[in-house]
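Position 1 is the first residue of the sequence; numbering continues from there. All heavy atoms count here, side chains included; hydrogens, waters and symmetry mates do not.
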Amino acid sequence: MKLLTKTTMATILGLVMAVSAQAAPKEPYTQAGFSTRQAEEQQAPIHWVSIAQIKESLKDKPPMNVSFDIDDTVLASSGCFYYGKEKYSPNDYSYLKNQDFWDEINAGCDKYSIPKQVAKELIDMHQERGDQIFFITGRTAGKDDQVTPLLAKTFNVKNMQPVNFMGGHGQEQLKTKYNKAAGILKHNVQLHYGDSDDDILAAKEAGIRGIRVLRATNSTYTPFPQAGGYGEEVIVNSSY
């Protein structure tokens with residue numbers, strides 16, 4: 001084993017000091033940041049898709065039945081739910097089990113909900129293909145359904161079908177673990193879009209393709225789900 005000479009050791013030490021000096025910040029950082037390596041380590045292997053890619057994937061398929069969730073998928077409707085919570089149960093979420101809330105909210109509150117651009121583009125794309133559009137929501141039905149005509153007008157839906165309100169039903173009656181799966185199966189839907197975990201899991205239960213739409217960023221429906229967490233496709237730029 002050869003011993004390092006003083007000259008060799010001095011050379012190595014000089015190189016180490018030079019590299020350290022090169023890597024060190026020129027001025028002290030003023031806040032926490034991250035390195036490229038740290039950023040890459042945090043990136044999840046999400047299957048991102050665009051509307052154009054979805055359209056391409058369907059080019060050889062005949063017209064089909066396609067369904068959409070409503071809240072945070074096609075409409076940014078948190079304002080209605082915030083209003084309902086403040087009116088019916090400001091200290092908890094029991095308003096979601098209050099039929100008075102659903103009667104009021106489904107009877108016209110959505111005229112204040114903001115349509116999402118991604119929904120308009122998706123519905124246009126599917127209708128150009130000749131696909132039949134359905135809306136399947138976890139909402140509970142109210143006495144006056146103003147949601148169906150509003151969606152038909154907002155998204156120019158051809159041959160509009162009544163909204164499927166799946167809330168308030170027992171699992172025994174539906175015979176599915178996830179309530180939207182019953183609506184998917186009922187209408188022989190082959191592709192379902194939604195923002196929630198239940199949307200993706202309902203699609204999986206029904207044995208069809210489920211695609212995640214990112215929840216509206218100003219949504220009061222928290223905590224936010226982990227998009228792509230079930231290996232599903234996630235649409236880019238779909239929070240608005």
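Among all heavy-atom pairs drawn from G183 and I136, the shortest one is C-CD1, 3.5 Å. When all heavy atoms of K61 and R129 are compared, the closest pair comes out as O-NH1, 3.1 Å. Of all non-hydrogen atoms in I54 and M125, the two that sit nearest each other are CG2-CE, 3.9 Å. Nearest heavy atom pair, residue G210 against residue I200, reads C-CD1, 4.1 Å. Pairing each heavy atom of D103 with each of G142, the nearest pair is OD1-CA, 3.3 Å. Minimum heavy-atom separation, T154 to K120: O-CE, 4.4 Å.
The CG atom of L122 sits 10.0 Å away from the CD atom of Q117 when rounded to the nearest 0.5 Å. Atom CD1 of I123 is separated from atom CD of E128 by 12.5 Å, given to the nearest 0.5 angstrom. Note that CZ of F68 and CZ of F134 are 12.0 Å apart. Values are rounded to the nearest 0.5 Å. Rounding to the nearest 0.5 Å gives a distance of 13.0 Å between NZ of K186 and CD1 of I184. Atom CG in L214 sits 6.0 Å away from atom OG in S239 (nearest 0.5 Å). Atom OG of S57 and atom CG of L191 lie 8.0 Å apart (nearest 0.5 Å).
When side chains are defined from C-beta on, E104 counts as touching K87, because their heavy atoms get closer than 4.5 Å. The side-chain heavy atoms of N218 and S78, taken from C-beta on, include no pair separated by under 4.5 Å. The shortest distance between side-chain heavy atoms of Q161 and S67 does not fall below 4.5 Å. Using a 4.5 Å cut-off on side-chain heavy atoms (C-beta onward), L151 and V157 make no contact. Using a 4.5 Å cut-off on side-chain heavy atoms (C-beta onward), Y178 and K204 make no contact.
I51 and V234 sit in two unconnected hydrophobic clusters of ILVMFWY residues. Membership requires side-chain heavy atoms under 4.5 Å apart, directly or through other members. Put simply, Y95 and I70 are part of two different groups of oily side chains (I, L, V, M, F, W, Y) that touch within less than 4.5 Å, one to the next. Residues M166 and F81 do not share a hydrophobic cluster, clusters being chains of Ile/Leu/Val/Met/Phe/Trp/Tyr side chains in contact below 4.5 Å. I46 and L201 sit in two unconnected hydrophobic clusters of ILVMFWY residues. Membership requires side-chain heavy atoms under 4.5 Å apart, directly or through other members. V163 is connected to V213 through a chain of hydrophobic side-chain contacts under 4.5 Å among Ile, Leu, Val, Met, Phe, Trp and Tyr, so both are in one cluster.
No donor-acceptor distance shorter than 3.5 angstrom exists from the side chain of S219 to the backbone of R215, with no hydrogens or angles considered. Within the 3.5 Å criterion, the main-chain N or O of Q53 finds a donor-acceptor partner in the side chain of S50. Between the side chain of S94 and the backbone N or O of S89, no donor-acceptor pair lies under 3.5 Å. Judged by distance alone, the side chain of R212 and the main-chain N or O of I235 form no donor-acceptor pair under 3.5 Å. Although no hydrogens or angles enter the test, the distance criterion places no donor-acceptor pair under 3.5 Å between the side chain of D131 and the main chain of Q127. Although no hydrogens or angles enter the test, the distance criterion places no donor-acceptor pair under 3.5 Å between the side chain of T222 and the main chain of F224. A donor-acceptor contact shorter than 3.5 Å links the side chain of E232 to the backbone of Y230. Judged by distance alone, the side chain of S113 and the main-chain N or O of L75 form no donor-acceptor pair under 3.5 Å. A side-chain donor-acceptor contact under 3.5 Å links D145 to the backbone of T148. Side-chain atoms of Q132 never come within 3.5 Å of backbone atoms of G130 as a donor-acceptor pair (strictly under, hydrogens ignored).
A side-chain contact (heavy atoms from CB on, under 4.5 Å) with H192 is found for one member of N65, T73, I208 and no other, namely I208. Looking at D198, D69, T137, N164 one by one, the single match for side chain to side chain donor-acceptor pair (under 3.5 Å) with K180 turns out to be D69.
Under 3.5 Å, the side chains of Q146 and N106 contain no donor-acceptor pair of N or O atoms.
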side-chain contact (heavy atoms from CB on, under 4.5 Å) between Y83 and I105, intermediate numbers included
CA-CA 9 Å; Y83 159 78; I105 225 70; 4.3 Å; yes

Give the C-alpha distance, both sets of side-chain angles, the deciding distance and a yes or no for side-chain contact (heavy atoms from CB on, under 4.5 Å) between V74 and K116.
CA-CA 5 Å; V74 300; K116 291 181 65 174; 5.8 Å; no

Determine, stepwise, if the pair T176 / L185 fulfils side-chain contact (heavy atoms from CB on, under 4.5 Å).
CA-CA 10 Å; T176 59; L185 292 169; 4.1 Å; yes

Worked verdict on L58 versus R209 for side-chain contact (heavy atoms from CB on, under 4.5 Å):
CA-CA 12 Å; L58 300 172; R209 183 181 182 185; 3.8 Å; yes

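Residue-environment remark: CD (Q99) exceeds the threshold of 12 foreign heavy atoms within 6.0 Å. Atom NZ of K85 has more than 12 heavy atoms from other residues, nucleotides or ligands within 6.0 Å.
For the side-chain contact (heavy atoms from CB on, under 4.5 Å) test, residues two or more places apart in sequence or in another chain that qualify with N98 are Y88, D100, F101. Every residue meeting the salt bridge (charged side-chain N to carboxylate O under 4.0 Å, His left out) condition with E56, not counting sequence neighbours, appears here in chain and number order: K59. Contacts of E205 classified as salt bridge (charged side-chain N to carboxylate O under 4.0 Å, His left out), with partners at least two apart in sequence or in another chain: none.
Centroid-to-centroid, the aromatic rings of H126 and F155 stay 6.0 Å apart or farther.
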